Amino acid sequence: MAFLLVVIYVAFIGLGVPDSLIGSAWPAIHGELNIPVEMVSVLTFIISGCTVLSSMFSAGILNKLGTAKVTAFSTAMTAAALMGFSFAPSFWVMIPLAVILGLGAGAIDSGLNNYVALHFKASHMNFLHCFYGVGVSLSPYLMSQALGNTGWRSGYRYAFFVQLAITVLLVISLPLWKKTSSTEQNGEEENVNLTFMQMAKRSEVRLVWVIMLATNAIEYACGVWGSTYLVTEKGFQTKDGALALTVYYVGMSVGRFVSGLLSEKISTWKRIGIGSAILAPAIIIMLLPLPGVVSVVGLFLIGLGNGSIYPNMIHLTPHNFGKEVSQSIMGSQIAFAYIGVMLAPPMVSLISGLFGIKVYPILLAVIYVIMIAALVCFVNKLKKQNKYNADI
């Protein structure tokens, strides 16, 4: 099981690699292809929308094919899409590639999250998402190196080779998954597939949807627009903006890693509270008219605080709702997380188009307030149902 866990960690690096490429490369892409800067929201909307669909219907696919095969195939899909992006002659060619990229992400995210939530400790869930942070930190770094030399297309090719190596590892590891298939199948047989309407009727599920939507909206609004904000509003060079985005994702990885280390000493709910508390001063820093380097510190702190909220909420899914329905609710949570991913960039685009990108930090603050309100209501709802355990 130890080596299988390593394989799962590496698979989550592959899940993270594509997510931060578009944000760090877009200042160069829109200039080369001569398209409006706001068009990045079209691509992120398509990617996220397809991920939502894939996540929502993931339970049946995972039960039929198994987590291992879905993970390997999905990673191969994302690798193919990345290579396609590197050769795209126009924006319109990127659209079908975005569909492939989004469909590849949803089922793997839902399957691996539920598998780890059911079979491993909270520390492993945080470390899992820490490795996702490694993936999204690696991409802006690779892109910044490419932008300083041969251009953004090479950055996508670098990312492709990373994905290809991970795909090969996952295919080679398929027999390892078979050795533990009895454990996985037992977990899957306990699952009860809930329809969307059955889940939507439960107020506690609706609240967790809002939380997942908001925390990922913050994450992706920073990931997609953070670099552009620094270049446009703070006078950064394109390469430096991409490098600053690496700092943001490093903060996210550090937050998840530290959360995992503290999991044996501090409960999951307390770690969620600490992350939420760090977000407040981080967003205040972004709101103030401070030098660009201080804004980079703000982005780092947003990654640090927000980074631990998502994996810890994911880990609590079987505890909050029951193991028998965890796969269905897990899929719906991840679907709403990607709805946040899907809505945040075009929302920033729309608002910045009307008032200028200087209002970008205000939108982050509004999303944060919504998330905290939903989190407080969710905890109160669990307490009324006697499902809240502060010691988990």
Side-chain angles (χ1 to χ4, degrees), residues 15-16 18-27 30 36-53 55 98 101-102 105-106 109 129 132-133 136 139-140 208-233 241 244-245 248-249 251-252 275-276 279 282-283 286-287 295 298-299 301-303 305-307 309-310 313 332-375:
L15 185 64
D19 283 2
S20 56
L21 274 177
I22 192 71
S24 54
W26 192 252
H30 86 84
V37 65
E38 294 84 4
M39 293 300 285
V40 66
S41 298
V42 175
L43 290 180
T44 57
F45 188 88
I46 292 171
I47 293 170
S48 303
C50 290
T51 305
V52 168
L53 291 175
S55 299
L101 200 59
D109 204 351
H129 286 268
Y132 170 84
V136 293
S139 293
V208 82
W209 286 348
V210 174
I211 297 166
M212 301 300 280
L213 187 155
T215 184
N216 279 269
I218 292 172
E219 177 183 327
Y220 220 69
C222 291
V224 173
W225 283 96
S227 177
T228 303
Y229 173 74
L230 292 175
V231 171
T232 304
E233 198 65 22
L245 205 59
Y248 162 69
Y249 283 114
M252 186 171 68
S276 301
L279 264 176
I283 291 178
M286 296 296 291
L287 286 167
S295 295
L299 283 173
L301 291 175
I302 290 176
N306 195 49
I309 295 174
Y310 182 82
M313 289 298 299
S332 74
Q333 285 182 150
I334 291 172
F336 271 83
Y338 278 99
I339 290 174
V341 169
M342 182 171 59
L343 294 180
M347 190 180 302
V348 175
S349 177
L350 176 63
I351 293 176
S352 63
L354 293 173
F355 305 104
I357 199 169
K358 60 185 177 182
V359 302
Y360 162 72
I362 297 175
L363 180 60
L364 294 180
V366 171
I367 298 172
Y368 171 71
V369 171
I370 292 172
M371 183 186 74
I372 295 301
L375 187 58

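Quick caveat: nothing in here was measured; it's all calculated off a predicted structure.
- Pairing each heavy atom of Y310 with each of N216, the nearest pair is CD1-ND2, 3.0 Å.
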**Request:** For F355 and I362, run side-chain contact (heavy atoms from CB on, under 4.5 Å): C-alpha distance rounded to whole Å, both residues' side-chain angles, the deciding distance at 0.1 Å, then the answer.
**Result:** CA-CA 11 Å; F355 305 104; I362 297 175; over 6 Å; no
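- If you check the side chains of W209 and S332, you find a donor sitting under 3.5 Å from an acceptor.
- The two residues P361 and I283 come nearest to each other via the heavy atoms O-CG2, 4.3 Å.
- Closest of all the heavy-atom pairs between A214 and I367 is O-CG2, 3.4 Å.
- Taking every heavy atom of both residues into account, L279 and G305 meet most closely at CG-C, 4.3 Å.
- Y248 places no side-chain N or O within donor-acceptor distance of the main-chain N or O of S227, the cut-off being under 3.5 Å.
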**Prompt:** When you look at I309 and N306, which way does the side-chain contact (heavy atoms from CB on, under 4.5 Å) test go after all the steps?
**Reply:** CA-CA 6 Å; I309 295 174; N306 195 49; 3.9 Å; yes
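- One finds the CD1 atom of I46 at 11.5 Å from the OG1 atom of T51 (value rounded to the nearest 0.5 Å).
- Note that OG of S349 and CD1 of I357 are 9.0 Å apart. Values are rounded to the nearest 0.5 Å.
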**Prompt:** Where do W26 and V37 land on the side-chain contact (heavy atoms from CB on, under 4.5 Å) test, with the steps shown first?
**Reply:** CA-CA 8 Å; W26 192 252; V37 65; 3.9 Å; yes
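- Contact detail for Y360 and M286: the closest heavy-atom pair is CE2-CE, 4.3 Å.
- Between T44 atom OG1 and L343 atom CG the span is 9.5 Å, to the nearest 0.5 Å.
- Nearest approach of T228 to P27, heavy atoms of both residues: OG1-CG, 4.0 Å.
- Shown here is Y368, whose OH atom has more than 12 heavy atoms of other residues, nucleotides or ligands within 6.0 Å.
- Once rounded to the nearest 0.5 Å, the distance linking CE of M313 with CE of M212 reads 6.5 Å.
- Separating the CD1 atom in I218 from the CD1 atom in I302 is a distance of 7.5 Å, to the nearest 0.5 Å.
- Without hydrogens or angle criteria, Y220 side chain to Y338 main chain gives no donor-acceptor distance under 3.5 Å.
- Partner L245 forms a side-chain contact (heavy atoms from CB on, under 4.5 Å) with one of S24, S139, C222 and no other, that one being S24.
- Note that CG of D109 is 6.5 Å distant from NE2 of H129, once rounded to the nearest 0.5 Å.
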**Request:** Could you check V40 against W225 for side-chain contact (heavy atoms from CB on, under 4.5 Å), going step by step and ending with a plain yes or no?
**Result:** CA-CA 9 Å; V40 66; W225 283 96; 4.1 Å; yes
